[in-house]
Asks: 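I'd like to ask some things about the structure below.
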Amino acid sequence: MNLRAALLTAGGLLAVTVSVAFAVTFGPADISTADVWASVAAHLGLGDSALAPLRDGIVWDLRMPRTLLAALCGAGLAVCGAVMQSLLRNPLADPFVLGVSSGASTGAVAVVVLGVGGGAVSLSAGAFAGALLSFGLVLVLSHTLGGSPDRVVLSGVAAMQLFSALTSFTVLTSADAETTRGVLFWLLGSLAGASWGDVLLCAVVLAAVLVVCLGHARTLDAFAFGEDAAAALGVRVARTRLVLLCATALLTATLVSCAGAIGFVGLVLPHAARALTGSGHARLLPVTALAGAVFLVWVDTVARTVIDPQEVPVGVVTSLIGVPAFVAVLYRGRRRA
């Protein structure tokens, strides 16, 4: 890692820390950054907190897990987007190109609306199962069609449309108005139900997948020159693609099961990070993760405070920001062509 990449990574870590500390202070209850540090220090065994139990609960049990989950989701989706764009050699690829999001939506709706599992299966578990089912379908389709990057994308589009249709049909035919509203809010992305269990799960999966992706950083660099060039350099193309697709699908499924479908993070943030670091993935992936974390922390802060006491789904805010950025990517690609 060169000096510039090291400085960007250190600056990103500082930005994430400061963003989390300040984001927790936003909300109806008047919480200061000093209160945040006091609560965190007390719960980590670094001192006693002078905060009242109610204020300590607001910081530690409500806002902190939500803000940390936002950071983890932003980091994970951004990393998945960067890997997918390189792996498929498509600048418009994002974590949901494999149909994971639509499959998760179908699984969640099956649990909430149809009662699949008889109450023994949670919404998150149903979403995770649906995401894996959708990804399995994409793997089977793409393999039977030849396994090339364009076939993977087309298989993902097919799975996305299939599971989106199943979700819409289920909601329209079986859900009442209140259930439909709750499901729609989740489908658009929501961090309102964040818990420390969600934070721990996402952190473990993100760390594992990031290690796998960083271990394949040079391989991803080779994919930029095409599959034939990568194979000539000794890369086992099919095996590497399968490993990285499975890793990104697992991470995406985990994040979607905890926070719903949050679009455009994995599409836009890798391009922004690439402009700072270049295309080398050993530098790109850490900076992309940190940029995604900072981005989604502040997006979630806006989503829960802009029309207080109501809350805007996180996916709506990311789309409002992401669409102009998406158009900019299209125009940039046109100029290069």
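From a predicted model like this one, the values you see are computed outputs, not experimental measurements. Numbers here simply count residues along the sequence, with the first being 1.
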Asks: Is there a side-chain contact between R89 and P149 in this structure, where contact means two heavy atoms from C-beta onward sitting under 4.5 Å apart?
Replies: no
Asks: Flag the pair S102 / S164 as yes when at least one side-chain heavy-atom distance between them is below 4.5 Å, and no otherwise.
Replies: yes
Asks: Between the main-chain N or O of V20 and the side-chain N or O of T67, is there a donor-acceptor pair closer than 3.5 Å?
Replies: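 Between the backbone of V20 and the side chain of T67 there is no qualifying donor-acceptor contact (under 3.5 Å).
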Asks: Does any non-hydrogen side-chain atom of I321 lie less than 4.5 Å from one of F295?
Replies: yes
Asks: Atom SG of C246 and atom CG of L251: how far apart are they, to the nearest 0.5 Å?
Replies: 13.0 Å
Asks: Is there side-chain contact between L269 and F264, with at least one heavy-atom pair below 4.5 Å?
Replies: no
Asks: Can you give me the closest heavy-atom contact between V111 and G126, atom names plus distance?
Replies: CG2-CA, 3.7 Å
Asks: Spell out, as yes or no, whether a donor-acceptor pair under 3.5 Å connects the side chain of D300 to the backbone of V297.
Replies: no
Asks: Would V299 and F96 show up in the same hydrophobic cluster when neighbours are defined by side-chain heavy atoms closer than 4.5 Å?
Replies: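 As far as the 4.5 Å side-chain criterion goes, F96 and V299 are connected within one cluster.
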Asks: Tell me the closest heavy-atom pair linking S124 and S257, and the distance in Å.
Replies: OG-O, 2.9 Å
Asks: Is any side-chain heavy atom of T254 closer than 4.5 Å to a side-chain heavy atom of L206?
Replies: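 The answer is no; the side chains never approach within 4.5 Å.
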Asks: Rounded to the nearest 0.5 Å, what's the gap from OG on S155 to CE on M160? Could you check?
Replies: 11.5 Å
Asks: Heavy atoms only: give me the nearest P286-A282 pair and the separation to one decimal.
Replies: CD-O, 3.4 Å
Asks: Would you kindly confirm whether F135 and L242 end up in one hydrophobic cluster when ILVMFWY residues are joined by side chain heavy atoms under 4.5 Å apart?
Replies: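 They do share one cluster, since a chain of ILVMFWY contacts under 4.5 Å joins F135 to L242.
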Asks: For residues M64 and W196, report the shortest heavy-atom separation together with the two atoms involved.
Replies: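 Of all heavy-atom pairs spanning M64 and W196, the closest is CG-CH2, 3.6 Å.
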Asks: Quick one: closest heavy-atom pair of P91 and L267, and the distance?
Replies: O-CD1, 3.8 Å
Asks: Roughly how far, to the nearest 0.5 Å, is the CZ atom of F128 from the SG atom of C258?
Replies: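 That separation rounds to 9.5 Å.
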Asks: Between D221 and H281, is there a donor-acceptor pair closer than 3.5 Å when you use the side chain of the first and the backbone of the second?
Replies: yes
Asks: Measure the CG-OG1 distance between L14 and T9 for me, rounded to the nearest 0.5 Å.
Replies: 12.5 Å
Asks: Identify the residue among T288, T277, L276, L8 that makes a side chain to side chain contact (heavy atoms under 4.5 Å, CB included) with R283.
Replies: T277
Asks: Given V312, which of L188, V302, T305, I307 fulfils the side chain to side chain contact (heavy atoms under 4.5 Å, CB included) condition?
Replies: I307
Asks: Are more than 12 heavy atoms, taken from residues, nucleotides or ligands other than W298, located less than 6.0 Å from that residue's CH2 atom?
Replies: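 More than 12 within 6.0 Å, yes.
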Asks: How many angstroms lie between CG in L87 and OG1 in T248, if you round to the nearest 0.5 Å?
Replies: 7.5 Å
Asks: Kindly indicate whether the side chain of L88, heavy atoms from C-beta on, has any atom under 4.5 Å from the side chain of Q85.
Replies: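 Contact flag for L88/Q85 side chains = no.
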Asks: With P95 as reference, evaluate V100, T252, I262 under the side chain to side chain contact (heavy atoms under 4.5 Å, CB included) test and give the passing residue.
Replies: T252
Asks: Checking side-chain hydrogen bond (donor to acceptor under 3.5 Å, both in side chains) for the pair H216/T240: CA distance, chi angles, key distance, verdict?
Replies: CA-CA 8 Å; H216 288 82; T240 301; 5.1 Å; no
Asks: Taking G130's backbone N and O only, do any of them form a donor-acceptor pair with S134's side chain (distance below 3.5 Å, no angle check)?
Replies: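 Judged by distance alone, no pair lies under 3.5 Å.
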Asks: Measure the shortest side-chain to side-chain distance between L245 and M84 over non-hydrogen atoms and say whether it is less than 4.5 angstrom.
Replies: yes
Asks: Taking all non-hydrogen atoms of both residues, which atom of C73 and which atom of L296 are closest, and how far apart?
Replies: CB-CD2, 3.7 Å
Asks: Are V152 and L98 close enough that some pair of their side-chain heavy atoms sits under 4.5 Å apart?
Replies: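 Counting from C-beta outward, V152 and L98 do come under 4.5 Å.
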Asks: Regarding T106 and T167, do their side chains bring together a donor and an acceptor under 3.5 Å, going by distance alone?
Replies: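 The criterion, which ignores hydrogens and geometry beyond distance, is satisfied for T167 and T106.
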Asks: Hydrophobic clustering (ILVMFWY, side-chain heavy atoms < 4.5 Å, transitive) - are L162 and V97 grouped together?
Replies: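 Unlinked, V97 and L162 end up in two clusters.
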Asks: Between R304 (side chain only) and V314 (backbone N and O only), is there a donor and an acceptor less than 3.5 Å apart?
Replies: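 Not at all, since once roles are kept as given, no pair shorter than 3.5 Å links the two residues.
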Asks: Which distance, rounded to the nearest 0.5 Å, do you find between the OG of S105 and the CG of L187?
Replies: 4.5 Å
Asks: Is there a chain of hydrophobic side chains (I, L, V, M, F, W, Y, each step under 4.5 Å between heavy atoms) that links L220 to V235?
Replies: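 Hydrophobic grouping puts L220 with V235.
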Asks: When hydrophobic residues are tied together by side-chain contacts of less than 4.5 Å, even through go-betweens, does V36 share a cluster with F26?
Replies: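 Linked within one cluster.
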Asks: Can you classify the ring geometry of H43 versus W60 as parallel (below 30°), tilted (30 to 60°) or perpendicular (above 60°)?
Replies: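 Because their plane-to-plane angle is under 30°, the rings of H43 and W60 count as parallel.
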